[in-house]
Amino acid sequence: MTKVGKVVRGRHFRWEGIPTRPYKDESDAFVGVERHVLLGEQSDETALSFVTRYFELAVGGFSTLEQHGHPHAVVVLRGRGTVRLGDEVFDLQPHDVVYVPPNAPHQFRADYDEPLGLLCIVDRKRDRPRAIREARDR
């Protein structure tokens with residue numbers, strides 16, 4: 001029998017068989033971020049050239065201010081927050097779509113009174129992010 005695909009059941013922004021993973025190792029560059037790899041890293045998903053991930057930022061949480069050579073496609077699934085793209089900051093709400101171009105400094109923040117949930121799609125083969133350290137707050 002040929003495998004034709006799969007369905008990963010989700011409820012309340014959690015998915016069956018998908019563990020919550022640490023966002024990154026270095027803990028001083030971000031706060032309150034969970035990562036869930038939904039598709040693209042399992043052995044039965046090698047035909048995918050991309051990885052689909054869900055990030056959830058707790059109230060007051062933020063991702064690393066970083067840049068890298070690969071683009072991102074991001075869809076806001078829940079909550080409100082902001083995204084920094086270069087020197088600009090944009091408000092976000094559910095169903096907004098964000099394009100992060102290659103090498104653009106970027107950071108997501110749950111700076112309202114609710115968690116911010118993001119679906120993030122990136123190439124399977126990609127470079128590692130480079131954190132940007134700033135002497136000042138934005």
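In this text, all values refer to a predicted model and were calculated from it rather than measured experimentally.
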Flag the pair [X] / [Y] as yes when at least one side-chain heavy-atom distance between them is below 4.5 Å, and no otherwise.
X: K6; Y: L39; result: yes
X: L92; Y: F108; result: yes
X: L118; Y: V76; result: yes

Specify the closest pair of heavy atoms between [X] and [Y], including all atoms of both residues, with the distance to one decimal.
X: D96; Y: Q93; value: OD2-N, 2.9 Å
X: L116; Y: R80; value: CD1-C, 3.8 Å
X: P71; Y: D123; value: CD-OD2, 4.5 Å
X: Q107; Y: S63; value: NE2-O, 2.8 Å
X: T64; Y: A131; value: CG2-CB, 3.9 Å

Around atom NZ of K125, are there more than 12 heavy atoms of other residues, nucleotides or ligands at under 6.0 Å?
->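 Counting other residues, nucleotides and ligands, NZ of K125 stays at 12 neighbours or fewer.
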Check side-chain contact (heavy atoms from CB on, under 4.5 Å) between R9 and all other residues, then give those that pass, not counting sequence neighbours.
->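 R9 satisfies side-chain contact (heavy atoms from CB on, under 4.5 Å) with V7, E16 only.
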Checking salt bridge (Lys or Arg N to Asp or Glu O under 4.0 Å) for the pair R130/E66: CA distance, chi angles, key distance, verdict?
-> CA-CA 5 Å; R130 296 174 306 283; E66 65 186 21; over 6 Å; no
How about D127 and H70: does a side-chain donor come under 3.5 Å of a side-chain acceptor?
->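 Side chains of D127 and H70: pair found under 3.5 Å.
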Mind running side-chain hydrogen bond (donor to acceptor under 3.5 Å, both in side chains) on D91 and T82 for me, showing each step along the way?
-> CA-CA 4 Å; D91 286 324; T82 57; 5.8 Å; no
H68 vs H72 aromatic rings, parallel, tilted or perpendicular, using cut-offs 30° and 60°?
->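 Aromatic pair H68/H72 classed tilted.
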Cut-off 3.5 Å, no hydrogens considered: what does the side-chain donor-acceptor table look like for residues 50-60, sequence neighbours left out?
from	atom 1	to	atom 2	distance (Å)
Y54	OH	E56	OE1	2.6
E56	OE1	R78	NH1	2.9
E56	OE2	R78	NH1	3.4

Please test V75 against H95 for side chain to side chain contact (heavy atoms under 4.5 Å, CB included), starting from the C-alpha separation and ending with a verdict.
-> CA-CA 6 Å; V75 180; H95 311 289; 5.9 Å; no
Does R109 use its side chain to pair, donor to acceptor, with the backbone of G81 at less than 3.5 Å?
->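 Pair absent, no side-chain N/O of R109 close to backbone of G81.
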Partner residues of E41 under the side chain to side chain donor-acceptor pair (under 3.5 Å) criterion, sequence neighbours left out |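 Partners of E41 under the side chain to side chain donor-acceptor pair (under 3.5 Å) test: R21.
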